[in-house]
Amino acid sequence: MSQTVQVVCPHDCPDSCLMEVTVEHDRAVSIKASKEHPFTRGALCAKVNKFLDRVYAPDRLLYPVKRVGPKGPGAQFVRISWDEAVSTIVEKMQTTMATHGPQSILPYSYRGNNGVYQSNGIDRRFFHALGASTLARTICAGGLLGAMDYSDVFFGFAPEGLVESKLIIFWASNPLNTGFHVWPFVRQAQRRGARLIAIDPYRSRTARACDEHIAVRPGTDAALALAMMKIIEAEGLADLDYVQQHTIGSEPFFSRLHSLSLPDLAQTCDVPVTTIQDLARTYATTRPAAIRTGVGIQRNGGGAAAVRAVACLPALTGAWREAGGGLCNFGGAMFTAQNLKGAMRFDLSPEGTREINMMRLAEHLLDPSFDPPINVLHVYNCNLAASLPDQAELRRGLQRADLFTVVHDLFLTDSADYADIVLPATSPLEQDDMVLAYGGDFGSFSRKALEPLGEAKSNADVFQLLATGLGITEPAVHASAEAFTAEALRDDLSATDFLSRPFMPTRPEPDLLPRAQGGFLTPSGKFEFFCEKMERDGLDPLPAFVPPHETLSEGPFPLNFLPRKHKDSLNSSYGHLPVMRRQESTARTLEIHPRDAAARGLDTGDEVRVFNDRGAFVLPVVVSERVQAGTVATFWGWWDKLSGGKGNVNNVTSTQLTDVGGGGTFYDCRVEVERWDGQALA
Ligand SMILES: Nc1nc2c(c(=O)[nH]1)N[C@H]1C(S)=C(S)[C@@H](COP(=O)(O)OP(=O)(O)OC[C@H]3O[C@@H](n4cnc5c(=O)[nH]c(N)nc54)[C@H](O)[C@@H]3O)O[C@H]1N2
Ligand SMILES: Nc1nc2c(c(=O)[nH]1)N[C@H]1C(S)=C(S)[C@@H](COP(=O)(O)OP(=O)(O)OC[C@H]3O[C@@H](n4cnc5c(=O)[nH]c(N)nc54)[C@H](O)[C@@H]3O)O[C@H]1N2
Ligand code: SF4
Ligand SMILES: [Mo]
């Protein structure tokens with residue numbers, strides 16, 4: 001007997017595709033893309049076409065295990081029962097609560113699964129009811145969301161509007177790899193005469209598909225944006241009517257622009273003045289003009305300032321006036337369809353509970369004065385021993401002998417090696433979930449297609465079991481996926497519709513003109529070139545270039561390092577699967593400019609040690625002009641434990657934070673490269 005079930009792709013990707021899973025005798029035999037879904041439109045990406053390889057991978061963890069022997073690489077585990085797993089975790093939680101209070105327990109997760117019920121709902125309710133420390137989930141978009149506190153930089157026009165654009169600037173955004181379902185809209189615009197420009201230090205797949213690629217120096221986008229605005233204002237290309245009606249602070253802002261030197265800005269961002277002039281004129285005079293930002297722009301010490309500076313452009317030119325003009329952000333639909341309070345029930349968390357920035361985990365684990373200490377760490381939806389920066393420091397923290405760590409995952413990841421207990425997680429085919437896309441205005445109820453493989457359990461199952469063990473009877477924690485959906489949707493959306501339809505639009509029509517009449521999400525309701533709140537918080541109230549931590553610095557490590565996202569993996573989630581293992585020799589390489597290669601006597605194929613004062617890893621180089629001189633790039637996502645001792649890219653990245661928002665600075669990193677002498681890494 002065969003049946004088809006609709007399951008939503010769980011990945012941290014803006015598209016939230018709808019998959020049609022055919023099941024025969026409780027085994028999924030095929031996955032197809034929905035043709036009706038407005039974004040999926042009959043195509044899944046390369047990774048998810050092979051999703052069944054992930055579901056049925058021979059290394060799926062199918063029962064709970066506990067570690068025997070030391071923590072860290074090579075850790076050994078033995079099978080235990082769920083009863084033993086749950087009672088051990090409950091006992092550890094109770095013990096630390098008795099001595100240090102519940103805040104000595106820390107949940108640790110990101111978006112390994114993007115679902116709301118399983119991964120951004122029941123989990124939060126459980127930890128809030130427990131009184132655990134809360135986690136600021138900053139790793140991906142901390143800088144962007146930090147800038148959002150001061151300027152309306154996040155929500156743009158719906159991606160469907162790109163069809164109308166005559167100019168589309170991909171500013172630190174590589175959708176051909178990272179969310180390719182906007183591309184059909186872009187292609188349509190191109191057929192109607194749109195010009196495409198990419199601003200990216202690396203010649204990405206998207207940059208190659210554009211008419212023009214501007215290779216900015218990493219971490220200096222604010223300088224480029226300010227230079228463009230200086231030209232636009234000086235040449236009378238600003239829309240002064242829009243500025244007057246819908247913005248505040250233009251006078252001090254223009255004075256600021258007058259005080260800046262164009263040659264200095266050009267030198268900072270390493271783009272010739274003439275190129276910036278052409279870009280500024282093209283941007284201000286082509287209408288409608290869209291800017292699509294990705295996350296690359298805010299992965300540096302001045303990341304929030306860069307996001308804010310770029311967001312000033314459409315306010316200055318009035319690009320918001322036309323459909324297809326303004327910002328069209330990567331995560332622009334995030335949170336808009338959710339009743340966040342209803343989903344997460346912040347009210348269950350005791351007043352005064354501390355919030356811990358996830359980027360500072362290692363520092364806090366290692367700080368003897370951190371009070372209360374973190375004694376129980378519950379990791380789910382996150383492979384921190386691959387994805388966090390400065391792995392040496394992190395691993396020292398995870399090694400702490402008195403730290404009890406639970407890892408809940410589908411696989412024995414690098415992180416699992418630091419766990420006391422590892423719990424087997426279900427795949428999205430084996431659980432119900434409520435999923436809202438963050439790249440478009442739609443959501444779906446993802447249906448369970450299979451019984452859990454082995455003894456796997458979903459996140460909600462685990463938190464409900466732990467709640468029962470700990471005597472937490474709060475009904476919100478024990479809600480079913482259906483009941484939860486009704487509480488977690490924005491009030492005007494119907495849960496009955498959501499549950500009964502394959503997918504549901506979360507707006508009647510895509511919003512193509514969100515700021516044509518102003519209505520910015522700021523205290524004044526206008527776009528704030530001058531932001532009083534920033535001034536009150538001791539920040540520069542005007543758009544400014546805030547220097548990155550490392551990419552402009554002089555010192556022993558002369559090369560900028562870009563550890564970028566791979567087409568066939570989702571962060572580290574495919575790193576151990578055949579699709580990625582097969583590419584280790586071809587894609588797991590360091591691209592280096594001919595000039596930098598020559599200076600070090602390197603040729604394509606030579607193995608190099610990439611290092612700085614935080615750590616090192618080894619891989620072969622490819623001499624390539626896709627990077628500029630002074631920058632090296634690679635893809636990330638492979639697992640350290642499968643690297644044959646050659647290490648992880650995040651051995652060299654830094655835990656320094658963005659200027660605002662406490663975000664990660666993965667692309668603000670300096671390294672040196674030398675021929676590898678075959679010595680083991682320290
Ligand atoms: N296939 C695949 N898809 C994914 C993911 C994946 O791992 N693989 N990850 C998902 C996640 S978690 C996210 S957050 C999104 C991210 O989606 P994107 O934002 O598109 O991803 P990135 O590749 O991090 O960054 C985009 C581009 O920014 C460039 N960049 C780096 N530094 C700078 C800079 O200082 N200035 C400028 N102008 N450009 C810079 C990079 O070279 C890169 O080409 O993708 C999601 N989709
Ligand atoms: N060098 C470098 N580092 C980066 C980045 C980069 O571009 N370069 N990108 C950064 C960004 S943008 C992000 S968002 C982070 C992402 O970093 P992570 O959040 O660590 O993402 P993944 O590496 O995909 O790991 C997610 C884990 O969740 C597990 N998982 C999936 N579904 C479930 C589930 O339902 N339940 C449970 N319990 N587990 C599940 C997966 O098997 C996987 O092991 O990485 C950051 N790190
Ligand atoms: S494009 Fe994104 S949402 Fe669609 S199948 Fe691929 S990872 Fe999943
Ligand atoms: Mo991310």
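In this chain, numbering begins with 1 at the start of the sequence shown. As the structure lists them, so they are numbered: ligands from 1, and atoms in each ligand from 1.
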Go around atom 8 (Fe) of ligand 3 and count every protein N, O or S atom nearer than 2.8 Å. 1

Tell me, please: is Cys382 in heavy-atom contact with ligand 2, that is, under 4.0 Å? yes

At under 4.0 Å between heavy atoms, which part of Asn383 makes contact with ligand 2: side chain, backbone, both or neither? both

For Ser572, which residues count as a side-chain hydrogen bond (donor to acceptor under 3.5 Å, both in side chains) partner, sequence neighbours excluded? Asn383

Counting only non-hydrogen atoms and a 4.0 Å cut-off, the residues near ligand 1 are Asp12, Lys47, Cys140, Trp171, Ala172, Ser173, Asn174, Asn177, Thr178, Ile199, Asp200, Pro201, Tyr202, Ser204, Val216, Pro218, Gly219, Asp221, Gly294, Val295, Gly296, Arg299, Phe330, Leu562, Arg564, Lys565, His566, Lys567, Ser569, Leu570, Asn571, Tyr667

Residue Tyr380 vicinity, atoms of ligand 2 by number, heavy atom under 4.0 Å: 38 (N)

When rounded to the nearest 0.5 angstrom, what distance separates CD1 in Ile89 from CD1 in Ile421? 5.0 Å

Looking at ligand 2, does Arg54 have a heavy atom less than 4.0 Å from it? yes

Hits for ring-ring contact (aromatic ring centres under 6.0 Å, His included) against Tyr667, two or more places apart or cross-chain, chain-then-number order -> none

For ligand 2, find out whether one of its N or O atoms is nearer than 3.5 Å to an N or O atom of Asp409. yes

Check the pair Asn381 / Ser119 against side chain to side chain donor-acceptor pair (under 3.5 Å), numbers first and verdict last. CA-CA 7 Å; Asn381 288 343; Ser119 301; 2.9 Å; yes

Give the ring-plane orientation class for His37 versus Phe442, where under 30° counts as parallel, over 60° as perpendicular and anything between as tilted. perpendicular

Can you confirm if the aromatic rings of Tyr380 and His408 lie within a centre distance of less than 6.0 Å? no

Look up atom OG1 in Thr220 and atom CD in Gln267, then write down how far apart they are to the nearest 0.5 Å. 11.5 Å

